[in-house]
Every structure is written in structure tokens, then in C-alpha cells.
Amino acid sequence: MTRMPALLTLILLAMASQAQAGRFDPHQAGYTLYRGKSVLGEASVQLEAADSPDCYVYSYTARPSWLFRWATGNITERSEFCVENGRLKPTAYRYHRSGIGADDENFSLSFDAQRQIVTDHTGAEREWPQGAVDRMGVQLEALRLVEGMSIPVEERRLTVTIVDDDRIKDYTLAVVGSETIEVPAGRFETIRIERINDPRKTTRFWVAPALDNLLVKVEQQRKDDPVIGIALKSPPQTPAPEPAPSPTP
């Protein structure tokens with residue numbers, strides 16, 4: 001059976017949320033998680049500006065239904081990064097899950113740009129490959145597949161390097177066509193993207209140009225196992241700005 005954390009990582013990998021200049025616009029969206037015909041729970045994703053200019057916090061929370069919560073618990077991921085010349089520079093990442101076996105899976109990373117080193121929660125250091133991002137950053141990098149590129153959309157491919165808990169790995173993504181799909185949030189014309197460098201399982205996802213290339217569905221299947229996926233539950237929202245402080249009398 002596919003581990004829940006691996007599923008959620010792939011879901012997060014696929015979430016391309018805002019295109020071109022709006023790629024880093026603050027937003028939040030809700031999704032439904034499912035396995036075959038069974039609903040596993042709900043998830044939410046939020047991108048917000050950090051205190052420093054051109055820096056952001058990207059967070060994900062999964063809330064399994066009571067039927068699955070005892071085993072998986074809640075899952076949260078948090079990525080802190082800055083943007084330089086349109087490219088992501090991660091500064092910190094944290095993965096946390098409650099539930100059975102969670103202690104062996106939880107971890108955090110800190111990125112030292114000057115030394116080009118990544119340090120994990122145990123203090124172990126390793127090389128930070130040029131251009132590599134964390135689990136959540138890869139979803140924003142993947143947006144380059146649907147941005148204003150000069151090559152035809154059906155010929156677009158992109159390889160993104162990810163710094164994970166204890167390894168470095170590459171994801172090669174490709175646009176494979178367009179498709180009309182229906183999810184709880186409605187019916188959408190979408191661009192279909194697949195990971196093409198993993199022969200062990202099929203991973204495919206769909207982004208909707210009408211929603212600024214927001215992810216509307218992703219599915220994964222290993223051999224004959226049931227399809228595991230995520231579907232957009234409601235249209236994305238832009239968080240309301242905080243009210244300005246009242247002038248001092």
C-alpha cells in the first residue's frame with residue numbers, strides 16, 4: 001500500500017498555483033483527497049508574503065477524516081523561500097505528521113546560500129545542488145511548463161532537482177495534452193502534465209488556465225493499486241489584506 005506521506009508529497013509536487021507575474025500572489029485553496037471511490041479527507045494550501053521583500057511562506061495542511069486520522073494523523077508542510085531573478089531560493093523547510101510511525105518521517109531542512117549547504121534536523125550537512133528546491137518549491141518551479149515559453153506547449157519538458165529528507169532526486173515533468181475534466185469545484189478545460197521518469201508508478205495532474213493555472217486534479221497509481229488523488233473542492237481565494245491601524249488621535 002502506498003504510504004500517505006509519499007502521496008502527499010506528489011500532490012504537493014503537482015500543485016502549480018499562479019502563472020507568470022502572479023505566480024507568487026498570495027492565495028489559498030481547498031482540496032478533497034481520495035483513494036479509489038473513498039474520500040480520505042481534505043487539504044488546504046496557502047501562499048503568503050513573508051516579512052522580507054520578495055520572500056514567501058508556502059504551507060500545506062492535510063486533515064484526514066476520522067476513519068483514517070488514527071493511522072495518518074494530520075500532515076503539515078511549510079516552505080520558506082525568496083525569489084531572485086524569477087528563481088526560488090529556499091531558506092527553510094519542515095515536514096510534520098502525527099499518527100502511527102510519524103517520528104521516523106518528520107524532518108526539517110535549513111539552506112545556507114553562502115556555503116551552498118543543506119543542514120537537516122539532526123545537524124547533518126550535505127551539498128546543496130545549484131538550483132535545487134525543497135518538496136514544496138518544486139510545484140512553483142513546475143509552472144514554467146505553462147508560462148510564456150516559445151516552444152509549443154505539447155513539447156514542453158522540465159527537470160527539477162529536489163532536496164528531500166535524506167536524498168537528492170530529479171523529477172522530469174512533461175505536458176502531454178489538454179483535457180476537459182469535472183471536479184467538485186466545477187468543470188474545467190485543463191492542461192495535463194505527467195511525470196515521465198518514474199517507471200514504477202503513474203503520476204498525472206491537470207492545471208486549469210481559467211484559474212491562472214491552478215491545479216484542479218492529480219492522480220497516482222502504482223501497478224494495480226487503486227488510484228489515489230486530489231481534486232479541487234472550491235475556487236481559490238485571495239486572503240483579505242490586514243486592516244490598516246487606526247490613526248492615533
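- For the pair R222 and R200, the minimum side-chain heavy-atom distance is below 4.5 Å.
- Under the 3.5 Å distance criterion, with hydrogens and angles disregarded, a donor-acceptor pair is assigned to the side chains of T161 and D170.
- Summarising the geometry, atom OH belonging to Y60 is positioned 14.0 Å from atom CD belonging to Q46; distances are rounded to the nearest 0.5 Å.
- Every pair passing ring pair (Phe, Tyr, Trp, His ring centres under 6.0 Å) that includes a residue from residues 113-138 is listed here, sequence neighbours excluded: F111-W128.
- Annotation: salt bridge (Lys or Arg N to Asp or Glu O under 4.0 Å) contacts of R94 (sequence neighbours excluded): none.
- Here the straight-line distance linking atom OG1 of T61 with atom CD of E77 works out to 9.5 Å at 0.5 Å rounding.
- Looking at Y31, its side chain does come within 3.5 Å of a backbone N or O of L215 through a donor-acceptor pair.
- Between D225 and K223 there is no salt bridge, since no side-chain N of the basic residue sits under 4.0 Å from a carboxylate O of the acidic one.
- Contact detail for Y56 and A49: the closest heavy-atom pair is CD2-CA, 3.9 Å.
- R78 has its side chain within reach of V57: a pair of non-hydrogen atoms, C-beta onward, lies under 4.5 Å apart.
- For the pair R135 and Y95, the cation-pi test (distance below 6.0 Å, angle within 45°) is passed.
- Counting only N and O atoms by type, the side chains of T180 and E189 include a donor and acceptor under 3.5 Å apart.
- Put simply, the side chain of F205 does not reach to within 4.5 Å of the side chain of V216, judged on heavy atoms.
- In this structure, L40 CG and S38 OG are separated by 7.0 Å, a value rounded to the nearest 0.5 Å.
- D164 contributes no side-chain N or O that, together with a main-chain N or O of D166, makes up a donor-acceptor pair within less than 3.5 Å.
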Report the C-alpha distance between W206 and V183 in whole Å, list the side-chain angles of each, state the deciding distance to 0.1 Å, and finish with yes or no for side chain to side chain contact (heavy atoms under 4.5 Å, CB included).
CA-CA 11 Å; W206 296 257; V183 293; over 6 Å; no
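- Hydrophobic cluster membership is shared by I168 and V118, with clusters built from Ile, Leu, Val, Met, Phe, Trp and Tyr side chains linked at under 4.5 angstrom.
- In this structure, CD on E219 lies 15.5 Å from NZ on K201, to the nearest 0.5 angstrom.
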Check against side chain to side chain contact (heavy atoms under 4.5 Å, CB included), D134 and V163
CA-CA 5 Å; D134 60 40; V163 180; 5.7 Å; no
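- Using the six-membered ring where Trp is involved, F24 and F81 have ring planes that are tilted, between 30° and 60° apart.
- Without hydrogens or angle criteria, D165 side chain to E105 main chain gives no donor-acceptor distance under 3.5 Å.
- Salt bridge status for E194 with R204: absent, with no side-chain N to carboxylate O gap under 4.0 Å.
- One finds the OG1 atom of T119 at 4.0 Å from the CD atom of E125 (value rounded to the nearest 0.5 Å).
- Scanning all heavy atoms of the two residues, the minimum distance from P184 to A231 falls at CD-CB, 3.8 Å.
- The two residues V133 and V160 come nearest to each other via the heavy atoms CG2-CG1, 3.9 Å.
- Here the CD atom belonging to Q116 is positioned 13.0 Å from the CZ atom belonging to R126, to the nearest 0.5 angstrom.
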Stepwise, does the side chain to side chain contact (heavy atoms under 4.5 Å, CB included) test hold for L232 with L211?
CA-CA 11 Å; L232 185 66; L211 296 178; 3.8 Å; yes
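- In terms of modelled atom types and a separation under 3.5 Å, the side chain of T91 and the main chain of E80 share a donor-acceptor contact.
- With hydrogens and angles disregarded, no donor-acceptor distance shorter than 3.5 Å links the side chain of N74 to the backbone of R63.
- In terms of the salt bridge (Lys or Arg N to Asp or Glu O under 4.0 Å) criterion, residue partners of D112 (sequence neighbours excluded) are, by chain and number, R115.
- Side chain of N106 to main chain of R97: a donor-acceptor pair is present (N/O by atom type, distance under 3.5 Å, no hydrogens or angles).
- A donor-acceptor distance shorter than 3.5 angstrom exists from the side chain of T190 to the backbone of E179, with no hydrogens or angles considered.
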